[in-house]
Amino acid sequence: MEKLGENVWQITDHIYRIEVPLIGNPLRAINSYLIKGEGTELLIDTGFRRKSCREPLLKGLELLGSRREIRDVFCTHVHSDHSGLAREMAGENRRIYMHGLDLKLQREILNDVNKGKMRHRFLKEGFPRDLLFWIQDNNPARKGALDKVDSRFTAVSDGDVFQIGGLKLQVVYTPGHSPGCCMLWEKEQGIMFTGDTVLFDITPNITAFADVEDALSNYLDSLHAIRNYPVKLALPGHRETGDYQARIDALLRHHDKRLQEAKRIIAEQEGLCAYEITGQMTWKIRSRSWEDFPDTQRWYAVGECLSHLDHLLKMGEIERYEKDGIRRYRVR
Ligand SMILES: [Zn+2]
C-alpha cells in the first residue's frame with residue numbers, strides 16, 4: 001500500500017483508499033474506496049453528510065484525478081457514515097447502489113416510520129421515555145444522513161456483479177449489522193471489501209431492527225457463510241485490515257460469550273427488562289455506573305443487548321413476558 005497524500009493510499013492498480021475522519025465519533029474515521037476504470041469510477045462508502053467529511057473526501061478524490069460525472073457510488077449499507085454523502089459524490093446521471101432492504105430502511109428513516117417503530121420497541125423494553133425521545137431527536141448520526149432517496153438509487157442483491165478497471169466485483173449479501181449489509185468480492189485478486197460486516201480493530205455493532213426478528217442470528221449465519229472465501233486482502237469500512245478468517249472466528253466467539261453473559265444475568269435475576277439487563281452487562285465504555293453511561297451510547301448498548309436477547313429467545317433459551325406494559329425476561 002503506497003501513501004499518496006495525507007489521507008490517500010493506493011492499494012492496487014485500480015483501488016485507492018481515502019480515509020475520511022468522523023469527528024466526535026468513537027469509530028474515528030471511515031475508509032472510502034475509489035475504484036478507477038476506463039471512463040467509469042466506483043466509490044465505495046462516503047462518510048457523513050457534513051463538512052468535516054465532505055472536504056477531506058473531495059480533497060482525496062481530487063488528488064486521484066477522480067471525476068464526478070463518471071462516478072457511481074456503492075453503499076455497503078444504510079448507516080449514515082457510509083451513505084451520507086452518496087448523493088453529492090455520485091454523478092448526476094450515474095447510480096447509487098445499496099441493497100434493497102437497506103434502501104427500504106433508508107426510506108423509512110426519512111419518513112419517520114422507522115423512528116416510530118423503534119420508539120415503540122424501546123419503550124416496551126424499559127428504556128426511559130424522556131431519554132429515548134431526546135436521543136431520537138438529537139442523534140448526531142441522523143444529522144449527517146442522506147436527505148433524500150432520488151432516482152439514481154438502485155437496489156442490488158446478492159450475486160450482482162460490477163465490472164470496472166478489469167475487476168469483477170460481486171455483491172455478497174451479509175445481513176446482520178444492518179438488514180441489507182453487503183460486501184464486495186473480487187475473486188481474481190482475493191480482495192474482499194468487508195464494509196462493517198468484518199472489522200478488525202472494532203467489534204461491529206449488532207443491534208435490533210424494527211422488521212428483523214433475530215438480527216444476531218442473521219449476522220452469525222453471515223459470518224459462517226463468508227468464512228471460507230479465500231480472502232488475501234480484506235478492506236474494511238473502518239480502521240485497518242487483518243487476518244480475515246481469524247477475525248471471523250474471534251467475532252463468533254465474542255458473540256457466544258455475550259450470549260452467555262446475557263443468559264447468566266437473566267438466570268440470576270428473573271424478571272429484568274432489557275434496559276436493566278444492558279446495565280448489568282460489561283461494556284468497553286468506562287463509567288461509574290449504568291446511570292452515568294453516556295446518553296447516546298446507552299441507546300446503542302440497549303440495541304446490542306436486544307439483538308442478543310432476540311437470539312436467545314429464538315433459540316428457546318429464554319422467555320419473554322409482559323408485566324405492566326414492559327417486557328421482562330426469564331430463563332426457560
Ligand atoms: Zn455501520
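Order of listing sets the numbers, starting from 1, for every ligand and every atom in it. Every value quoted in this text rests on a predicted model; they were computed, and no experiment measured them.
Residue side and main chain included, His82 places no N/O/S atom under 2.8 Å of the Zn ion (ligand 1). Residue contact annotation: Asp81 places no N/O/S atom under 2.8 Å from the Zn ion (ligand 1).
In terms of heavy atoms, Arg68 sits closest to Arg94 at O-CG, 4.3 Å.
Because its NZ or CZ atom is not both nearer than 6.0 Å to the ring centre of Phe200 and within 45° of the ring axis, Arg239 does not count as a cation-pi partner of that residue.
The pair Asp81-Arg49 fails the salt-bridge criterion, with no side-chain N (NZ, NE, NH1 or NH2) lying under 4.0 Å from an Asp/Glu carboxylate O.
Closest approach between the Zn ion (ligand 1) and any N/O/S atom of Asp196 involves OD2. Counting just the N/O/S atoms of His79, the one with the shortest distance to the Zn ion (ligand 1) is named ND1. Looking at His77 and the Zn ion (ligand 1) together, the shortest N, O or S contact belongs to NE2. With respect to the Zn ion (ligand 1), His177 has NE2 as its nearest N, O or S atom.
Of the listed residues (Thr278, Ile265, Ile266), just one forms a side chain to side chain contact (heavy atoms under 4.5 Å, CB included) with Leu272, and that residue is Ile265.
If you look at Tyr275 and Trp290, their ring centroids are closer than 6.0 Å.
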